[in-house]
Amino acid sequence: FSDPKLMSTFLTSYQILNSHGPVAEPCDILGAAKPARLLSVNDRASSEKLLGPVDLSSEDGRSSLAKFFTERSGKEVVCVSGSDVDKHNHQFGNTSSGVKARGDTRTMHIVNANTVRDFESKIGV
């Protein structure tokens with residue numbers, strides 16, 4: 001999903017919390033309590049809260065985020081997680097949810113569509 005014009009209208013904040021408060025180190029340690037991964041979305045111009053905080057570590061939080069962006073963009077958006085192994089098989093390049101945890105080398109990268117078009121024009125595709 002890439003819509004720079006739409007995304008530029010939002011101001012987001014993301015915070016990882018465990019039972020002791022904000023987490024300043026990786027939380028993917030096996031056996032550790034699952035931290036809350038809270039995302040809030042505000043309107044950049046008015047600062048009005050549009051969404052959240054929603055907990056992206058929960059199915060409900062990811063569904064709320066997907067519904068929010070689907071309604072705003074008019075395109076179906078699905079929010080996936082590395083823990084959705086029964087539904088999706090993605091490795092997120094900046095976490096240990098793929099190779100380290102399961103030996104899964106598939107990686108998903110989010111790339112801006114304008115970057116792809118610029119690259120294509122430079123290589124003549």
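No experiment lies behind these values; they were computed from the predicted model shown.
Contact detail for A66 and C79: the closest heavy-atom pair is CB-N, 3.9 Å. V54 and S64 get closest at one heavy-atom pair: CG1-CB, 3.9 Å.
E71 contributes atom CD, which lies 11.5 Å from atom CG of L50 (distance to the nearest 0.5 angstrom). To the nearest 0.5 angstrom, F68 atom CZ is 10.0 Å from S73 atom OG. Here CD of Q15 is found 8.5 Å from OG of S40. Values are rounded to the nearest 0.5 Å. Atom CG in L39 sits 11.5 Å away from atom CD1 in I16 (nearest 0.5 Å).
The side chain to side chain contact (heavy atoms under 4.5 Å, CB included) check on S63 picks up E59, with sequence neighbours excluded. Checked against side-chain hydrogen bond (donor to acceptor under 3.5 Å, both in side chains), K122 has the following partners two or more places apart in sequence or in another chain: D118.
Residues R72 and L6 form a side-chain contact, since some pair of their non-hydrogen atoms from C-beta on lies under 4.5 Å apart. In this structure, L56 and L38 have side chains that are not in contact, with every pair of non-hydrogen atoms separated by 4.5 Å or more.
Using a 3.5 Å distance cut-off with no hydrogens or angles, the side chains of S46 and D43 do pair a donor with an acceptor. Using a 3.5 Å distance cut-off with no hydrogens or angles, the side chains of S57 and D55 do pair a donor with an acceptor.
Using modelled atom types, one side-chain atom of N42 and one backbone atom of S47 make a donor-acceptor pair closer than 3.5 Å. The closest donor-acceptor contact from the side chain of T70 to the backbone of V77 lies under 3.5 Å. Formation of a donor-acceptor pair under 3.5 Å by the R44 side chain with backbone atoms of T9 is not found in this model.
Within a 6.0 Å sphere centred on NZ of K67, other residues, nucleotides and ligands contribute 12 heavy atoms or fewer.
Using cut-offs of 30° and 60° on the angle between ring planes, the pair F69 and F10 is perpendicular.
Residues L11 and Y14 do not share a hydrophobic cluster, defined by chaining ILVMFWY side chains whose heavy atoms lie under 4.5 Å apart.
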